[in-house]
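This report concerns only the one structure given below.
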Amino acid sequence: MDHADSQPALTEAVALGADHAGYHLKEHLKDILQGFNLRISDLGTDSPDASDYPEYAHAVAREVAQGRVARGVLVCGTGIGMAMAANRHRGVRAAVCYSEEQATYSRSHNNANVLCLAARMTDTETAEKILKSFLNTPFDGGRHERRIAQLEL
Ligand code: RB5
């Protein structure tokens, strides 16, 4: 199944966050998400003015860790700082994805619950495909259940 071309089946809430580098892509993806059957919670930033990515990563990761949203989406220049911060929260599995295939595996094998996008390295069309794959792809479970359990310290 080509997950990028299908409509996300996820009916729960998604929290979004970005720093200044990710602001424009976040706004674009928010428009896309608003066309789906999803409750969107935009936790900032609200402008392209310089900001610090950990603030938004922690805000989104907190929502995911506390079960208030099913998934989080974070956007910064590389996705890396966002993932570093988000993965400090227990139960959060944040994946930096530059390709649709990575997004698919992040879900099917790693049960990723936070997607980190790189606004400076990923074009808009690819980012949309990554996002849809992240929202649509189910976790495979089975042997992967045991492995993700081992992630927690
Ligand atoms: C901001 O310049 C940049 O460092 C940030 O967006 C991100 O790429 C950090 O990982």
Side-chain angles (χ1 to χ4, degrees), residues 3-5 8 10 12-36 38-139 144 147-153:
H3 294 295
D5 290 337
L10 196 71
E12 298 166 83
V14 173
L16 289 177
D19 70 354
H20 55 288
Y23 169 72
H24 291 293
L25 182 56
K26 169 179 72 73
E27 291 301 300
H28 176 75
L29 296 178
K30 188 166 65 175
D31 288 344
I32 301 279
L33 287 169
Q34 276 162 352
F36 301 156
L38 293 168
R39 186 163 60 79
I40 309 302
S41 177
D42 183 353
L43 302 180
T45 185
D46 299 323
S47 84
D49 297 344
S51 59
D52 297 334
Y53 61 81
E55 176 182 343
Y56 306 101
H58 289 310
V60 167
R62 238 175 255 124
E63 293 298 291
V64 173
Q66 292 174 9
R68 283 195 287 269
V69 299
R71 307 267 172 89
V73 177
L74 290 165
V75 193
C76 67
T78 60
I80 294 170
M82 288 296 199
M84 287 179 170
N87 277 322
R88 290 179 179 232
H89 294 252
R90 188 170 181 81
V92 167
R93 290 174 301 279
V96 182
C97 296
Y98 289 6
S99 73
E100 187 186 338
E101 192 178 18
Q102 284 177 304
T104 303
Y105 278 114
S106 81
R107 288 288 313 131
S108 61
H109 283 199
N110 311 111
N111 201 11
N113 48 20
V114 174
L115 171 66
C116 299
L117 288 165
R120 291 182 176 147
M121 279 107 201
T122 310
D123 63 63
T124 304
E125 189 187 343
T126 304
E128 285 179 25
K129 287 182 178 171
I130 291 170
L131 177 66
K132 288 176 188 173
S133 178
F134 176 73
L135 294 178
N136 273 322
T137 306
F139 177 45
H144 301 296
R147 292 167 184 164
I148 66 164
Q150 292 172 20
L151 292 172
E152 298 296 340
L153 296 174

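We count ligands from 1, going down the list as the structure has it; atoms in each ligand are counted the same way.
- For ligand 1, the atoms lying closer than 4.0 Å to a non-hydrogen atom of Asp19 are 1 (C), 5 (C), 6 (O).
- When all heavy atoms of Leu151 and Arg93 are compared, the pair lying nearest together is CD1-CD, 3.7 Å.
- Contact annotation: for Met84 versus ligand 1, there are no heavy atoms closer than 4.0 Å.
- Contact atoms of ligand 1 toward Gly77: 5 (C), 6 (O), 7 (C), 8 (O) (distance under 4.0 Å to a heavy atom of the residue).
- Regarding atom 10 (O) of ligand 1, its nearest protein heavy-atom neighbour is Gly81 N, 2.9 Å.
- Taking every non-hydrogen atom of His20 and a distance limit under 4.0 Å, the qualifying atoms of ligand 1 come out as 1 (C), 2 (O).
- With sequence neighbours excluded, the residues satisfying side chain to side chain contact (heavy atoms under 4.5 Å, CB included) with Met121 are Thr78, Tyr98, Ala118.
- Counting heavy atoms under 4.0 Å from ligand 1, residue Cys76 touches it through both backbone and side chain.
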What do the steps show when you test Thr45 against Glu55 for side-chain contact (heavy atoms from CB on, under 4.5 Å), and what is the final call? CA-CA 9 Å; Thr45 185; Glu55 176 182 343; over 6 Å; no

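- Glu128 is listed as a side-chain neighbour of His28, based on a closest heavy-atom distance under 4.5 Å.
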For Leu33 and Leu131: C-alpha separation, side-chain torsions, deciding distance, then whether side-chain contact (heavy atoms from CB on, under 4.5 Å) applies. CA-CA 9 Å; Leu33 287 169; Leu131 177 66; 3.9 Å; yes

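- Every N/O-N/O distance between Ala21 and ligand 1 stays at or above 3.5 Å.
- With hydrogens left out, the protein atom closest to atom 2 (O) of ligand 1 is Arg120 NH1, 3.2 Å, a heavy atom.
- Residue Thr78 touches ligand 1 through backbone and side chain together, judged by heavy-atom distances below 4.0 Å.
- Considering every non-hydrogen atom in both Ser106 and Ala95, the closest pair reads CB-CB, 3.7 Å.
- Using the six-membered ring where Trp is involved, His58 and His89 have ring planes that are tilted, between 30° and 60° apart.
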